[in-house]
Amino acid sequence: MADIIATNETILVVGGGISGMTAAIEAAECGKQVILIEKGPSVGGRVSQLYKYFPKLCHPTCGLEINLRRLKGNKNVRLLTMTEVSEVSGEAGNYSVTLKTTPRYVNENCTACGACSEVVDAEFDDAYNYGLGKRKGAYLPNKMAYPQRYVLDPQIIGTPDATKAKEACKYDAIDLEMQEESNTITVGAIIWATGWQPYDANKIQPYGYDRIANVITSVEFERLMDPHGPTGGKLLRPSDGKEAKDIAFIQCAGSRDRNYLKHCSRICCMASLKQTTYVRERYADEGKATVYYIDIRAIDRIDDFYQKVKADENVTFIKSKVARIDEDKASGNPILHGVNTEGYHRYANQHDLVVLAVGMEPSVAQDEFPVKVTINEEGFIEQDEANGAIFAAGCSADALDVNRAVQNATASALRAIQVVNRAAGMEG
Amino acid sequence: MSKKEYSFYPGCSSQKGASASNYQVSVDSMCDVLDIKLNEIPDWNCCSASIGYAGGGVLPRLALSARNMALSEQAHGDQDIVATCAACWLATRETKERLLHDEALMKDTNEALAAGGLKVEAKQNVRHMVEVLIEDFGYDGLAKNVKKPLDGIKIAGYVGCQTNRPFGIAGESFENPKYLDKLIETMGAEPVENYDKKVSCCGGALIFSEPEKSHALIKDIIEAAYDGGADMIVTPCPVCQLNVEAYQDQINAKYKTKFNMPVVYYSQLMSVAYGKSGKEAGLDGQVIAARKLEEIAGK
Amino acid sequence: MSTMNQAKVEKYRNDFLKEVTANVEEGEWVKMCMQCGVCAGSCPFGPYWEHPPQEIFMMIRAGKREEVLTSTSMWMCTSCYNCIARCPRELPITHIMHGLAHYADRLGLAPKNQPTRKFANLFWNNLTKKGRANELKLGIALYFMNGFIEGIKTALKMQKMGLNMFKTKRLSPMELLGGHGIKDTGGLHAILKKAREIELANAEKFNG
Amino acid sequence: MADEIKIGAYICQGCGIGDRVDTAQLAQVAQRDAKASIVREHAFLCNAEGVKMIQDDIDNEGVNRVAICACSRRAKTEAFNFEGVAITRGNLREGVIWIRPDTDEARETTQDMADDYVRMAVTEAKYMTPPKGDDNTKYTPKVLIVGGGVSGMTAAVEAAKAGYQCTIVEKSGALGGAAAKAWKRIPQHAPYADPEDTGVAELIKAVEESDKITVHLNSHLTKTSGAPGRFSADITTESGSTTTENFGAIVQASGYFEYDARQLPELGYGKSANVVTQAELDAMAKEADGGPIKTKDGKEVNSVAFIQCAGQRSEKEGHLPYCSGHCCLTSIKQAMYFKDQNPDIDTNVIYTDLRTPGAGGEDFYRSGQQKGITFTKGAVSEVVASGDALEVKFKDLILDEDTSEKVDLVVLATGQVPNSGVDIEAMAAVVEGEEDGAEPEEPTAVQVPVESILNLTYRQGPDVPHLKYGFNDSHFICFPYETRRTGIYTTGPVRRPMDMQQAIEDATGAAMKAIQAIENAAKGRAAHPRSGDLSFPSFRREGCTQCKRCTVECPFGAIDEDEERYPQFNEERCRRCGTCMGACPVRVISFENYSVDSVGQQLKIVDIPDEFEEKPRILALACENDAYPALDMAAMNKVEYSAFVRVIPVRCLGSVNLIWITDALNSGYDGVVMMGCQKGENYQCHFVRGSEIAHVRMSKVDDTLQSLSLEPERVSVHEVAITDIERAPALINEMAETIEKIGMSPFKF
């Protein structure tokens, strides 16, 4: 990768989710030189794992398609996948950044024909589907993956599978000798857009995610509904593969809770409201949803979506933080215990499936951040002069929905442009 | 391994002729094997458990535990305080935490203690015996002393409340702590998987004032153990032990059940596995005889 | 109305939240509740609570002094600490319940015949007398806390259990004749007396 | 175009194409049928060697049209990215071999399919010209900002920091907007515990000190015309003097109106002076400046109730159906005004859902509780004056009882009403209604005196179209800055209810988009979603019948009318969707790289076997952003579909000209399937109404079918999503089955 060209007029964007892609593309479409790095093998991030967006119920892959086309067509952006920042030094307008690239074992000759995948035997949990399904040891991360290039799982390197994959490739695209690379580049500004991860539901012990098969997370639920998902879009519950028609949504699973994440993750209320519509879409009148909540946070003009869902007779709202879940051993149905605090009504409700609306945990590595920036208790990067020309974008900055994350990323692109324009003598 | 010494707070129920006296017998046997020396806090007093609140206010209650800590500091200040009773441990540890957390409270407490000529710093660790076993010996260390593995016994590990919440054992979750299961396994017995009522409440001290309500809880605890195929229940808490074991007759009478489930302490399991006799393991103190343990102990 | 109750009513007028904050153990946490109800759902004695903790907190804010302090609810606490473990706002709910119970009792508002109220007082008196709990005396006192006839009935019901305990040497008749106790009861009593004084003084000092 | 057209056709044999079809035959077809000048086969076209082969032909052989017959146009785009030539793609992999079974029976139809895609790719190349770009572009690095509140000032300061000139036009006599009237703001930094300085003074200072920012106070826009890169604006002062300036882009930060609380008499507003709105309370706090807040009659407030969602989140007439987003945090802030001054003041916030999102929100909520603010989940029914005090009657939703509270002061959390100017679509509907003789519909939304903000000279109306409830928000989740007026970006509460912190973020992003519009306009590049496209509509004036369909249907209002009432294209306003091309009944509008011919000739070159061969032909026109990728992904999943279909990607279903359908049917196609995206309120179409318009237009196809005596089932229009990887192929198969049922078209020659 000796051909990375970067100067103090270059903007480095860390993270290829929707925020990072947006920041990179918006800056590039202003004529700026951008290096976009992504830790994983393809861009798209969390939104590429969603079935639909709220409140429009449109598909995230639609916007992704547009962004990919913008990215593919723009020569100002250089995309480096499987790459992370290992070191940063310097100051605004002149940073020296060391990038670490892990081997993909597949080079740009790959045509995505899939021959390698066909011959490889080893299977691993599919991270794209949050482990709900398996993928081969040679794989395309997903159908929309860009770069559209296969990846060899490092776990098959040194096994006969790796050799088989190499032999199956007619295009000399598999390079088993690929090594980790390190490159140090100069950039003027850095946009940090490493996004978020779903809060680890295992930690929310009262809900038995680790013990009860039919307790799943909201992000997993998205995968179950998605035609690209492990069930081909069928709402089959884990315990017995039966269709789940009566579904409970538990809000603030990990959010607004001093035991877990103390912040409100903002997106979960709308996400669950959206998911209630999936249930109705699949099963019409047979589909039932119950939302257990503390406050429904359908903020600003999209409150009308909440009003619409609330008007649906098959969707029930219970103001309650569910106390605990246990399992009806015979049916596998989770039983939710708690109290509806609007008037004090105790319940022990059985549902086919429970969806935990898990919180948004920033992926900003608080202790390992490569350079000193201001990170708040919640783990988000604060806007601070002291951060120099390191600007957070999207969910590195706050718990944001897609719309606000993109807004924030667009703003961050301008902040970075201000710095590189100054470096370029365009002043300001 | 050299002898380990702790400042020991036995608590009221462990005294001779008290409800958990057999617990103390087994703890002594277990410590003997593990080469643990328990140095009793001189003139320790009751912690007031979790039921002293009506009569005592906050400060009088905390003062009780503070007095024990003060006495421990005087006698063996360089040792950790260890309690075998869940309520004793909880009250003492809670007092320590609150005193260290709140300067004003520390001042007030010392003012009160001064009336009895005492002074507390609350710097000693306050630990439950289970913590000592897990942290200072480790499962492997505990396994080394097993002479008679408890083969063929299936045991429901009933953790209960107060060794579990609000402090709990480090690294364990409130809802599904695994340490008791691991201890059972370490002694060669088989733990009941996913024991549903592992951390359910037995009614605690309210067994006395609200017996009916408590019996309903206990019934579920025993029933779940039977459902899991358990031969006996094991617990780290004297209140749990007493409540779950001693009221089975009454529960049977009320619910037409036929419960006859032995309830033992972890230390009894260990004593037997370590080759101690049934008497040394306090098995003669069982209201419901733990036959399978007795058999192994008798071999 | 007890004098103490009278004094408190006058001091705090309608501000029950403030009264609780000043006088009840961990009472300053009441305002932090966000009405999620996880405590209510977590309590093993939940169904027996007329008002679950979270509702009590709301009632305190709404100034329902009489209703709260005369309630049997907080006497239902088994000290299992589930509510504390699960509360998203880290409210020490168990302690607040104990604190409310204690305060209600001191004011003379707690229901006279609430069994846990009686037992808890018996327990305290039992343990403070000699510094250690005397299980037998406590047990007997317990049987008779609702009067002599009730006591005989309860004792009969509990007879087998008691016998079992005697048999296994886990209840000693020796306890009746003195039994266990600490040496320095004088010191202990002085400490407890002083602690009580400081506590009352603190409540008086509190302002806002 | 002076250049001679020279087409190079390149046929890839890789990824199994060479195994599955006879590429020599494809080469022959390219040369013989489609008249490619150079035809080459390659075993692995996308590798360095294959790419070099093509580049060599461009460099040495004068090839200026490249037809790549290999994989989908969505694959290997970086490899096949040649400068200065027109590139087309024949989709032999995802379009042919991956969707057909590898069997002997299928061999012939698979080959037919591949043959046609090669013909089509070469033909498309023939009718394409590499876009040269607009000659009339201008570089005007200057942003016009309408509104001098926090959003407007932020946009100006941020754009200026990047080196651009800015002009702020502010209606009132001072900068600062609504925020200037507030005492403090919701905290923007950890620990999010206390209200903080509004920062407005600092912002005004930054504006005033910048040598790049000009401010016009007491001014508004009386006329705005032009396009990105060359906007011209008349800035008129109150006294009537006008200056005209040129700008590259516009940021509209026209803010909001306070909801008129007089519409809430049940909450006592207007009846008691001690019922105030949040804005009024902030003014009172500013007046008190840290001292005791006093009622109008000078009494110190000892108790205050905040009523959330006053006139909001309600379907009642005159109420706002939405949540204004900031009011929960604002009430906490204001309750802190009281508590910080005197902790003994009772403050009760009565809410139904407390909304304090994000990292800071929950901290601020807890801080409020810590300070002793009481929060009550309740529904307020009435506020009545009772003696000196006010009585707030409400249902306590937790205690489940009707109750009331006496307070000195009531604060109503009323909402934001966008100051978004004229609702041009409602206006158009009224005009249309009048023309139809129908009664104009009663507007039900809250009415605010409507004056145009921008006074655009655009044919479609003077302001940016509203999205919902009067807000100018983007319709798109992924693209929050999309307005339907290129180069004009709305920001702040005019586009969505928001607080100050959000407005600052939003305005910074809007400034970014304005700068981008300036840079793109200067190079003649299209804005999102076809960013970078250098083509623009060309128009053959002599053929035009002045039907005005293009000017009406353009989703972006890019087309005006000239003095002679001919359409006047404003290239830099155009998004290159082709809706105008689809609309034009006389086919005088086209793009260099996308035209009536570039598609029309493709469908004509497809080989139509005669009736007896029993090989029907289906034309599928698929939206390039949703349906086409769905078909690609279906192919990746090896979903089979009919070999009789020929799929042509279109920019938007709105660009589909009826002539293509007529031509297809006339030339013997047996069926036509059109796949656009979702229409209706939650439309998916990134060109807004393309799919909608296509559905309307195609409802008129029936006439054509009737005149040809063809069954109506032969043409179908569908809404297809990008996730329809099963359904999109199924729709094609459905048409194949239909044809099997109703028989072949009689129009085979």
Side-chain angles (χ1 to χ4, degrees), chain A residues 18 26 29-31 53 56-59 61-63 65-67 70 72-74 109 111-113 143 148 171 226-228 256 262-264 266 295-301 303-304 341-343 376-378 380 382 398-399 402-403 406-408 410-411 413-415 417-418 421 426-428, chain D residues 14-15 44 46-47 75 77-78 158 160-163 189-190 313 321-325 353-359 361-362 397-398 400 468-469 471 477-481 496-497 505-506 508-509 511-513 515-516 519-520 529 531-532 625-626 629 633 636 682 684 686 721-723 725-726:
Chain A
I18 191 152
E26 295 294 350
E29 287 182 3
C30 282
Y53 278 143
K56 270 178 61 193
L57 304 177
C58 56
H59 302 284
T61 36
C62 161
E65 175 73 13
I66 291 182
N67 277 332
R70 291 167 79 190
K72 290 173 192 173
N74 199 313
N109 277 350
T111 66
C113 72
K143 293 287 182 290
Q148 197 186 37
Y171 309 109
D226 193 334
H228 292 294
R256 297 183 71 184
K262 69 176 182 144
H263 62 269
C264 159
R266 189 194 302 264
D295 293 287
I296 293 288
R297 295 187 162 171
I299 293 158
D300 74 48
R301 70 171 179 77
D303 189 62
D304 56 3
T341 63
E342 282 194 348
N376 60 28
E377 279 181 8
E378 285 80 3
F380 299 102
E382 297 240 318
D398 200 350
V402 172
N403 204 266
V406 173
Q407 212 176 314
N408 180 263
T410 310
L414 180 59
R415 294 182 180 119
I417 287 173
Q418 290 165 353
N421 277 1
M426 257 186 85
E427 75 178 306
Chain D
C15 292
F44 180 20
C46 61
N47 78 352
T77 39
E78 320 80 352
E158 297 297 331
K161 272 197 219 162
H189 291 279
R313 300 178 65 203
Y322 50 86
C323 150
S324 288
D353 289 291
L354 204 74
R355 295 180 168 174
T356 56
E362 206 64 11
L397 294 168
I398 297 296
D400 198 23
K468 210 170 187 187
Y469 310 132
F471 290 101
I477 314 286
C478 306
F479 308 106
Y481 290 102
R496 193 174 183 147
E505 281 308 295
D506 190 41
T508 309
M512 154 83 220
K513 293 300 288 187
I515 288 167
Q516 191 182 65
E519 297 296 325
N520 277 330
S531 349
N625 195 67
D626 289 79
M633 287 187 273
M636 292 167 86
N682 284 328
Q684 186 96 66
H686 284 263
I722 190 164
T723 49
I725 48 176
E726 298 284 340

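Chain identifiers are assigned alphabetically (A, B, ...) following the order of the sequence lines, protein sequences preceding nucleic acid strands; residue numbering begins at 1 within each chain.
Of the listed residues (A/Arg297, A/Lys143, A/Glu26, A/His59), the greatest number of heavy-atom pairs within a distance under 4.5 Å of chain D belongs to A/Arg297. When D/Pro629, D/Gly532, D/Ser324, D/Ala721 are compared by the number of non-hydrogen pairs under 4.5 Å with chain A, D/Pro629 comes out ahead. In terms of heavy-atom pairs under 4.5 angstrom with chain A, the leader among D/Gly358, D/Pro529, D/Gly325 is D/Gly358. Contact tally against chain A (heavy-atom pairs below 4.5 Å) for D/Asn682, D/Asn47, D/Asn625: the top residue is D/Asn625. Between chain D and the options A/Asp300, A/Asp303, A/Leu414, heavy-atom pairs under 4.5 Å are most frequent for A/Asp300. Note: A/Glu65 leads A/Lys72, A/Arg70, A/Glu377, A/Glu65 in heavy-atom pairs under 4.5 Å with chain D. Of the listed residues A/Pro227, A/Cys58, A/Cys62, the one with more heavy-atom pairs under 4.5 angstrom with chain D than any other is A/Cys62. Comparing A/Asp398, A/Thr111, A/Asn74 by how many heavy-atom pairs each has under 4.5 Å with chain D, the most go to A/Thr111. Between chain D and the residues A/Arg301, A/His263, A/Arg415, the largest count of heavy-atom pairs under 4.5 Å involves A/Arg301. Of the residues considered (D/Ala359, D/Ala190, D/Ala75), D/Ala359 shows the highest number of contacts with chain A, using heavy-atom pairs under 4.5 Å.
Separation of atoms CG (A/Asn376) and NE2 (D/His189) is listed at 10.5 Å; rounding is to 0.5 Å. In this structure, NZ on D/Lys513 lies 12.5 Å from CD on A/Gln407, to the nearest 0.5 angstrom.
Heavy atoms of D/Ile725 lying under 4.5 Å from chain A belong exclusively to its side chain. Only the side chain of D/Cys46 comes within contact range of chain A, with at least one heavy atom under 4.5 Å from a heavy atom of that chain. Only the side chain of A/Ile18 comes within contact range of chain D, judged by heavy atoms closer than 4.5 Å. With a 4.5 Å cut-off on non-hydrogen atoms, D/Asp626 touches chain A through its side chain but not through its backbone. If you measure heavy-atom distances from D/Arg496 to chain A, the contacts under 4.5 Å come from the side chain alone. With a 4.5 Å cut-off on non-hydrogen atoms, D/Thr77 touches chain A through its side chain but not through its backbone. For A/Tyr171, the parts lying under 4.5 angstrom from a heavy atom of chain D are both the backbone and the side chain. Heavy-atom distances place both the backbone and the side chain of A/Glu342 under 4.5 Å from chain D. Only the backbone of D/Pro321 comes within less than 4.5 Å of a heavy atom in chain A; its side chain stays farther off. Using a 4.5 Å cut-off between heavy atoms, D/Asn520 contacts chain A through its side chain alone, with no backbone atom that close. Only the side chain of D/Glu78 comes within less than 4.5 Å of a heavy atom of chain A; its backbone N, CA, C and O stay farther away.
Taking each heavy atom of A/Cys264 and D/Pro357 in turn, the nearest pair found is SG-CA, 3.7 Å. In plain terms, the two heavy atoms of D/Phe479 and A/Gly63 that are nearest each other are CZ-O, 3.7 Å. The nearest pair of heavy atoms linking D/Ala162 to A/Asn421 is O-ND2, 2.9 Å.
For the pair D/Arg355/A/Ile296, a side-chain contact is recorded, criterion being any heavy-atom separation below 4.5 Å from C-beta on. With contacts defined as side-chain heavy-atom distances shorter than 4.5 Å, the pair D/Lys468/A/Asp304 qualifies. You'll find the side chain of A/Ile417 stays beyond 4.5 Å of the side chain of D/Ile515, heavy atoms only. Side-chain atoms of D/Tyr481 and A/Val406, non-hydrogen and from C-beta on, never get closer than 4.5 Å to each other. When side chains are defined from C-beta on, D/Gln516 does not count as touching A/Thr410, because their heavy atoms never get closer than 4.5 Å.
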Check: Yes or no on salt bridge (charged side-chain N to carboxylate O under 4.0 Å, His left out) for D/Glu362 and A/Arg266, after CA distance, side-chain angles and deciding distance?
Finding: CA-CA 10 Å; D/Glu362 206 64 11; A/Arg266 189 194 302 264; over 6 Å; no
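Between the side chain of D/Asp400 and the backbone N or O of A/Gly343 there is no donor-acceptor pair closer than 3.5 Å. In terms of modelled atom types and a separation under 3.5 Å, the side chain of D/Glu519 and the main chain of A/Glu29 share no donor-acceptor contact.
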